[in-house]
Colleague: 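Got a structure here, written out as structure tokens. Questions coming.
Below, chain A is the first sequence line, B the second, and so on; all start at residue 1.
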Number of protein chains: 2
Amino acid sequence: MTLKAVARELNVSTATISNAFNRPDQLSASLRDHILLECKRLGYHGPNAAARSLRTGATGIVGVMLAERLSYNFRDSCATEFLQGVSEVLDDARANLLLMPGRDEFYHEQSMESIPDRYIVYGPPRDLSVLNRLVRQHKPVVTVDFTLENHLSLNVDNYGGARKAADHVFSQTRGDVVVIGLRLTKSDDVGRIDSSELFDASMSISRQRLEAYRDSALAHNYTLGDDRVWNTHESTWADGVKAAREALAMNPRPTAMLCMSDQLALAALSVARDMGLSVPEDVRIVGFDDIPEARQMHPTITTVYQPSIEKGRLAAMMVLNPERYESRVLPTHLQVRETG
Amino acid sequence: MTLKAVARELNVSTATISNAFNRPDQLSASLRDHILLECKRLGYHGPNAAARSLRTGATGIVGVMLAERLSYNFRDSCATEFLQGVSEVLDDARANLLLMPGRDEFYHEQSMESIPDRYIVYGPPRDLSVLNRLVRQHKPVVTVDFTLENHLSLNVDNYGGARKAADHVFSQTRGDVVVIGLRLTKSDDVGRIDSSELFDASMSISRQRLEAYRDSALAHNYTLGDDRVWNTHESTWADGVKAAREALAMNPRPTAMLCMSDQLALAALSVARDMGLSVPEDVRIVGFDDIPEARQMHPTITTVYQPSIEKGRLAAMMVLNPERYESRVLPTHLQVRETG
DNA sequence: TTGAAAGCGCTACCAT
DNA sequence: ATGGTAGCGCTTTCAA
């Protein structure tokens, strides 16, 4: 069933059918009602979205570009909460949600970026080429957790949160402190970092957190050298366990671990207990994000709260009405609980 | 940048550019390489997806139709795990994922269903009209957690799992057993059910679970009447708390609760503890799904395992290659832990 | 191996 | 208030 077929069936022009759906003021109410009723009877449910979009350039679809592959985001509580916030607002706005990976290899010779009307870019895409293609569409874009010149952005106060966490840790411990970092470099491996390979601070929230940890260390007469900072590629149990094992094998054993996500902190906690260590007596563990599990675990995790759901809601509202908003930085705060 | 513009720029026909992207065998390798290189230079990243789809009817997008609004699915661990499985497979297949709500009101006069090439329908859509529109597209469809005539479906053994859970409970307790159900009727309210309003068993996994509970009760000389079955609208903390409060206020107090999701069981557990009850001594609590939290909480939740991630993977594989698969029912099994 | 041209389904302009 | 029609960007047949 196409618009043309309906027009023929009802003996009116295609323009009239189109108007019945898109511009009610262009025809009499009675004709419009008649047409809409007949369309229902004939099984025509409104203009084909692809064809309409070709003509108008609009689909009502909001693209959410993720930093990595799609599946990663459903494993990460933080990302899931963010998407929850986004989808709440899109639901109300009657917009659909297209998820797009941030890796170039996923776009084999098709310009999928033409489908959505607007974009939320959640974290710096792994391949910047993908971002460039997107920007060239001249559609509303909101970047989240990083900034892009001439575009609206939404960030949280990573430096402030991390600083508070580190200040708290350094004021409580006399021993060695280590960092379990997240995506600080391009490396896929888990291991100590090499500062020369760090991502740029403007593009990497992890880098911002690291700076805060280091500044705090300095303020407490301690140095957080490369030999005390581990990198992980994903905020997963596996990566966290690997890094924590290496870190806790250091001699002398660290007395505190600053983890860049709660997921990593949870893994570190498990490793510490397997080694027979008491938390926080033998080793303090502090996370980041404040995912629900941080509150539910025993012991509960000391961490930095960031408003993930709210971030999603706001990102969606910003991209739907860019003219009404300005770039923002949302606050974070320290949640002292049992592990630190 | 359009294909036409590129063609003009390079002094070849539009057909040749199109072939360079879609049918490499139709032109010389050298010309193709030249064209692809020039396209990159000119910032043309391949054919516009909307236009191509208008012509070919294919977009490389897989639609996942959800039973309800989008946001609900990001709050539900089960749904999130399912989507994780789906997206793993779609990642590998280089397909994109369009999330679509299952409520009619979200499709205001636009036939969005023309965009995806294939559909996974996760749970019976709240409004069947949406499903009908979808089916009329004659695209591959896989239904999950319900069946649809002439279409591939993927289910789990709800009856079997629920039966094992109930048999376990009835063999352990002499007192009153209540059910905290999930979407057993259309009602948005939390409260006791009226059996005459129950959904049809073929469309409702909850109904299947209820039948299993009731059959098990009968086998143990007990009757699970309407006054012992609560309905909730969403598998959320709030709904669970409300239902559990009412149920535990019964006189005599129930000694076991069969909950249709772990989320509801978690809420019931919290209510029981707030009332000063010991679990499982005073009241046994059994869930369904086996979400990660069920293992992590203290006490750990006795529940029925269903393979949510695997269900997602399989649904995606089925919809990508419908001819290679048949409808299936995946097994479930009882996980006895501390609460029951 | 390459090119010309029709047409996918629709909307927006301009006529009437 | 309604209709005629060009053209959005592309693919595909057919002809050269």
Colleague: Quick one: do B/Arg69 and A/Glu88 make a salt bridge, cutoff under 4.0 Å?
Modeller: no

Colleague: Send over the distance from A/Ile115 CD1 to D/dG9 P, rounded to a whole Å.
Modeller: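 The distance from CD1 of A/Ile115 to P of D/dG9 comes to 14 Å, rounded to the nearest Å.
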
Colleague: Mind calculating the distance between CD1 (A/Ile35) and C1' (D/dG3) to the nearest angstrom?
Modeller: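 Whole-Å distance recorded here is 12 Å.
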
Colleague: Could you encode protein contacts along nucleotides 6-16 of chain C as a string, one character per nucleotide from 5' to 3', using B for base contact, S for sugar-phosphate-only contact and - for no contact, with a heavy-atom cut-off of under 4.0 Å?
Modeller: BBBBBBB----

Colleague: So, does A/Arg94 use its side chain to make a donor-acceptor pair with the main chain of B/Phe106 at under 3.5 Å?
Modeller: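 Here the side-chain-to-backbone pair does not exist.
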
Colleague: Checking A/Ser111 against B/Asn48: is there a side-chain donor and acceptor pair closer than 3.5 Å?
Modeller: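 No, no side-chain donor-acceptor pair sits under 3.5 Å.
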
Colleague: Over how many whole Å does the gap from A/Glu113 atom CD to D/dG9 atom C1' extend?
Modeller: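 That distance rounds to 14 Å.
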
Colleague: With heavy-atom distances below 4.5 Å as the criterion, would you say the side chains of B/Leu320 and B/Val62 are in contact?
Modeller: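 B/Leu320 vs B/Val62: side chains touch.
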
Colleague: Roughly what angle, to 10°, lies between the helix axis at the start of the helix from C/dT1-D/dA16 to C/dT16-D/dA1 and the one at its end, five pairs per end?
Modeller: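 Computed angle between terminal axes is 30°.
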
Colleague: Listing request: all side-chain hydrogen bond (donor to acceptor under 3.5 Å, both in side chains) pairs with a residue in residues 142-151 of chain A, at least two apart in sequence or in separate chains.
Modeller: A/Asp145-A/Lys311

Colleague: Among pairs that include at least one residue of residues 126-150 of chain A, which meet ring-ring contact (aromatic ring centres under 6.0 Å, His included), considering only residues two or more places apart or in two chains?
Modeller: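 Matches after skipping sequence neighbours: none remain.
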
Colleague: Any side-chain N or O of B/Thr16 less than 4.0 Å from the OP1 or OP2 oxygen of C/dA4?
Modeller: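 The answer is no; no side-chain N or O of B/Thr16 sits under 4.0 Å from OP1 or OP2.
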
Colleague: Rounding to a whole Å, what distance do you find between B/Leu27:CG and D/dT12:P?
Modeller: 14 Å

Colleague: Can you pull the ring-ring contact (aromatic ring centres under 6.0 Å, His included) pairs that have at least one residue in residues 13-47 of chain A, sequence neighbours excluded?
Modeller: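 Matches after skipping sequence neighbours: A/Phe21-A/Tyr44.
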
Colleague: Does A/Glu9 have any salt bridge (charged side-chain N to carboxylate O under 4.0 Å, His left out) partners at least two apart in sequence or in another chain, and if so, which?
Modeller: none

